[in-house]
There are 2 protein chains.
Amino acid sequence: MKAVNIKDIARIAGVGVATVSRVINHHPDVKEETRQHILQIIEEYKYIPNNSARYLKRSESNDVGIIIKGIYNPLFAEMMQKIERILSQVGYTVMLHHHMDMAIRDMDVAQEFVKEKRLKGLICLGGDFEDVQTEEVKRMNVPMILTSALQNEALDRKVYSSVGINNEVAAFEIVNYLCMTGHQKIGIITTGEHDQSIGGRRTQGYMRALSTHGIAKVDERFEVGDYTFESAYLAMKRLLVKAPDLTAVFAISDIMAIGAARAIHEVGKSIPKDIALAGFDDIDYAAYYDPPLTTVKQPLETLSETTAELMIALLEDRSEHEHVMLPTTLKIRKTT
Amino acid sequence: MKAVNIKDIARIAGVGVATVSRVINHHPDVKEETRQHILQIIEEYKYIPNNSARYLKRSESNDVGIIIKGIYNPLFAEMMQKIERILSQVGYTVMLHHHMDMAIRDMDVAQEFVKEKRLKGLICLGGDFEDVQTEEVKRMNVPMILTSALQNEALDRKVYSSVGINNEVAAFEIVNYLCMTGHQKIGIITTGEHDQSIGGRRTQGYMRALSTHGIAKVDERFEVGDYTFESAYLAMKRLLVKAPDLTAVFAISDIMAIGAARAIHEVGKSIPKDIALAGFDDIDYAAYYDPPLTTVKQPLETLSETTAELMIALLEDRSEHEHVMLPTTLKIRKTT
DNA sequence: CTTAATATTGGAAACGTTTTCGGTAACGTT
DNA sequence: AACGTTACCGAAAACGTTTCCAATATTAAG
């Protein structure tokens, strides 16, 4: 059961394959009459061009890849879908690549992905690109956008784009707010990664806010989780015994804030009366949590749109590489 | 900056292209010495075979498509990622196709997607396949799995696989539970679709439970939303005025249950004391909501695994088409 | 009616693989 | 020494397109 190909169509229509190719590619040099005739045959035989052959001939694809690294993050999944929607509207297909293997360099998987699939562009959601060489990304030879990813300072900013938020500043703002409302003993539930990570940056913001208000760092107020409810629940339980005098807690993700809330309720304390609680991300759920969670909003929609549109512009050569930093906004709700 | 190809490698290694092809495809008929030599050259020149050419020649790809239809559903996003993970472990790449266009038949987009991309298999997450013809899916000629999708009864079950849950039964069980605990006036927040939809089936389960307990249907206790917090919040507000004597509400998704909870709290009523609340899905948040939400658990993990593994088996011709119905489990928590 | 210009068209080469088919080399057997 | 095996290898023909180039058909101009 062989599929019908361009030659079949040409034969049936009584024209050359070149002509058929022209009509499917919307070239102007075809008589209207011929075009209609061919179009009709194509319709009738349900001919669909073979993408492999086209891509081979043109030595490129219409595909852009999205790489997501690490543990499952609902935010990324959502962003990916939004990006896909925009890209597909202008004819691109997105290929997904999710990998958990922390031992492999992000750049290695990126390179292989791009070359093997002949991708036209690459979007990395999250991940860290600590040790990437400028040469490496140049060699890939397709536009790359790092969205919500950590960026290596040494990397030449002309060779890639990025879109994200300023994690340090955003974290600063929310714990600054906590300080302003009178809190002195503020705990943090962060992640155990190194400084150059999302969690690391947010932790830095937390510390800067503290020192701005003349509050000394106290180790007992630190705990780590891994972005899951469960880990934060456990972390909060530890915090509650290590630092029983806490009046506020900043969790570096909403998920973790909610996990922490459970631990707080469990010991009979109330939020925000006994302990104030702040999160980060503003996931959909945050506003509907009870009580509604104070948090800092990541502009998910804008993040995705900007990424997708920048990619399209880059692909169409309408733009140089850019680095856009989107503003976050404080969402003061009922947990503080 | 042309990429290095198989001919280059052959030339450099001083062998024929056939030999190089043999080593990259792990054919046995190559002397170990030659193989090593070629492998080394490949490594040195960072040669990666051109997929378009391979696919063209073999007239197939290693890609399987996932189609998601309709409004954003975090459950599907999560499932997709899990499926991707398993499939990629055995060498497949997944291509994503999300479409919102309700006017187009699912089967049409499926067909085009498969043919155009030369997909080896197709997974549909959600969507409805009401008017699909057996012939149509046969013609696609690749294994198709409908996961959490509605199935057309007229469709020959030998030509496709499905994995899902029994929505009617699951809904029955949870509202049956509500009845057993003494509730008589039970509202529902469902979706406005036709009977042959996820929402429709769950509504049927609700009604069957009611009639089993001799409770008459009363129209004022019905409201519709669209799977969002907001819509359910609004729906619940309406319910509260239309049917002020309600003692329990069943929302056909957890998201909607949580949206409804906000409306309930807003009028000063408490859950579950004044009104009991039940959801559906058991999304991660459900257990961490305050109070933890009673719901019915969809076996997300198993659903994804089953789908992925069935697809692999189908692709390797190790299995016939199957229809698996996974069990749901009641999660009785604190809202009832 | 010729000629020049222009609008359409088809042939064929190329894109980078895989695979068939036959060929050479090396070896063990008589 | 001649032969049959076996192991290994290369040439070349596909796969289904796109596109350059030359060829033909059509129209405009003179």
Side-chain angles (χ1 to χ4, degrees), chain A residues 1-39 41-42 45-63 91 114-120 141, chain B residues 1-39 41-42 45-63 91 93 112 114-120 141:
Chain A
M1 178 152 95
K2 263 183 54 352
V4 32
N5 62 23
I6 199 173
K7 260 189 230 147
D8 299 330
I9 298 294
R11 191 168 30 74
I12 295 164
V15 300
V17 304
T19 307
V20 179
S21 176
R22 276 187 277 261
V23 352
I24 60 189
N25 289 291
H26 307 104
H27 282 303
D29 295 356
V30 181
K31 213 198 316 182
E32 188 52 27
E33 189 187 324
T34 331
R35 173 194 310 287
Q36 288 309 331
H37 179 219
I38 293 175
L39 247 21
I41 307 260
I42 286 178
Y45 287 81
K46 299 207 179 309
Y47 164 65
I48 296 180
N50 181 320
N51 255 323
S52 303
R54 311 182 94 156
Y55 290 174
L56 170 58
K57 186 58 203 167
R58 299 206 278 239
S59 67
E60 63 173 25
S61 71
N62 257 322
D63 303 336
V114 167
K115 280 195 115 179
E116 186 182 316
K117 301 294 177 189
R118 252 67 191 175
L119 300 178
K120 257 189 156 161
N141 213 26
Chain B
M1 178 149 98
K2 263 184 48 2
V4 32
N5 62 22
I6 198 173
K7 258 188 233 150
D8 299 329
I9 298 295
R11 190 169 32 73
I12 295 164
V15 301
V17 304
T19 306
V20 178
S21 176
R22 276 189 275 261
V23 352
I24 60 191
N25 290 290
H26 307 103
H27 282 303
D29 294 356
V30 180
K31 211 199 315 181
E32 188 51 27
E33 189 187 323
T34 331
R35 173 192 310 285
Q36 287 310 330
H37 180 219
I38 293 175
L39 246 22
I41 307 260
I42 286 178
Y45 287 82
K46 300 208 179 308
Y47 165 64
I48 297 179
N50 181 320
N51 255 322
S52 305
R54 312 182 96 156
Y55 290 174
L56 170 59
K57 186 60 199 159
R58 299 205 277 239
S59 68
E60 63 172 25
S61 72
N62 257 321
D63 303 335
T93 304
E112 186 174 331
V114 167
K115 280 195 115 180
E116 185 182 316
K117 301 293 178 190
R118 252 69 191 173
L119 300 177
K120 257 189 155 159
N141 212 25

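Please read all numbers here as calculations on a predicted model, not as lab measurements. Every chain is numbered from 1, with letters handed out A, B, ... down the list of sequences.
A sub-4.0 Å separation between OP1 or OP2 of C:dG16 and a side-chain N or O of B:N50 is absent. B:N25 has a side-chain polar atom (N or O) that falls below the 4.0 Å cut-off from OP1 or OP2 of C:dT18. For B:T34, no side-chain nitrogen or oxygen approaches OP1 or OP2 of D:dC8 to under 4.0 Å. Close to C:dT17, at under 4.0 Å from its OP1 or OP2, lies a side-chain N or O of B:Y47.
Among the nucleotides D:dC9, D:dT18, C:dT18, the one closest to the side chain of B:T19 is D:dC9. When the nucleotides C:dT17, D:dC8, D:dT19 are ranked by their closest atom to the side chain of A:H27, D:dT19 comes out on top. Side chain of A:L56, nearest nucleotide from C:dT8, D:dT18, C:dC15: C:dC15. The B:S21 side chain lies nearest to C:dT19 when the options are C:dG10, C:dT19, D:dG16. Ranking D:dG10, D:dT17, C:dG16 by closeness to the A:N5 side chain, first place goes to D:dT17. For B:K57, whose side chain is taken as the heavy atoms from C-beta onward, the closest listed nucleotide among D:dC9, C:dA14, D:dC15 is D:dC15. When the nucleotides C:dA12, D:dG10, C:dT18 are ranked by their closest atom to the side chain of B:R22, D:dG10 comes out on top. Nearest nucleotide to the side chain of B:V30, out of D:dT17, D:dC9, C:dG10: D:dC9. Nearest nucleotide to the side chain of A:V17, out of C:dT17, C:dA12, D:dC9: C:dA12.
Taking atom NZ of A:K31 as the reference point, atom P of D:dA25 lies 11 Å away to the nearest angstrom. Rounded to a whole Å, the CD1 atom of A:I38 is 14 Å from the P atom of D:dT17. Counting to the nearest Å, the P atom of D:dA7 and the CZ atom of B:R35 are 14 Å from each other. Nucleotide D:dT17 holds its P atom 11 Å from the CD1 atom of A:I48, rounded to whole Å. In this structure, CD of A:E33 is placed 13 Å from C1' of C:dT9, rounded to the nearest angstrom.
For the helix from C:dC1-D:dG30 to C:dT30-D:dA1, the angle separating the two terminal helix axes comes to 50°, with each axis derived from five pairs and the value rounded to 10°.
Both B:P28 and A:R58 lie near DNA chain D, and the one whose nearest nucleotide falls closer to the 5' end is B:P28. Summary of the strand contacts: A:G14 and B:I24 both lie near DNA chain C, and taking for each the nucleotide with the nearest heavy atom, the more 5' one is attributed to A:G14.
Side-chain to base pairing of B:R118 with D:dG16: no donor and acceptor N or O lie closer than 3.5 Å to each other.
Residue B:I41 forms a side-chain contact (heavy atoms from CB on, under 4.5 Å) with just one option from B:I12, B:V20, B:V15, B:D8, and that option is B:I12.
Taking the side chain as every heavy atom from C-beta outward, B:T93 and B:N62 never approach each other to under 4.5 Å.
The number of heavy atoms from other shown groups lying within 6.0 Å of CD (B:E112) does not exceed 12.
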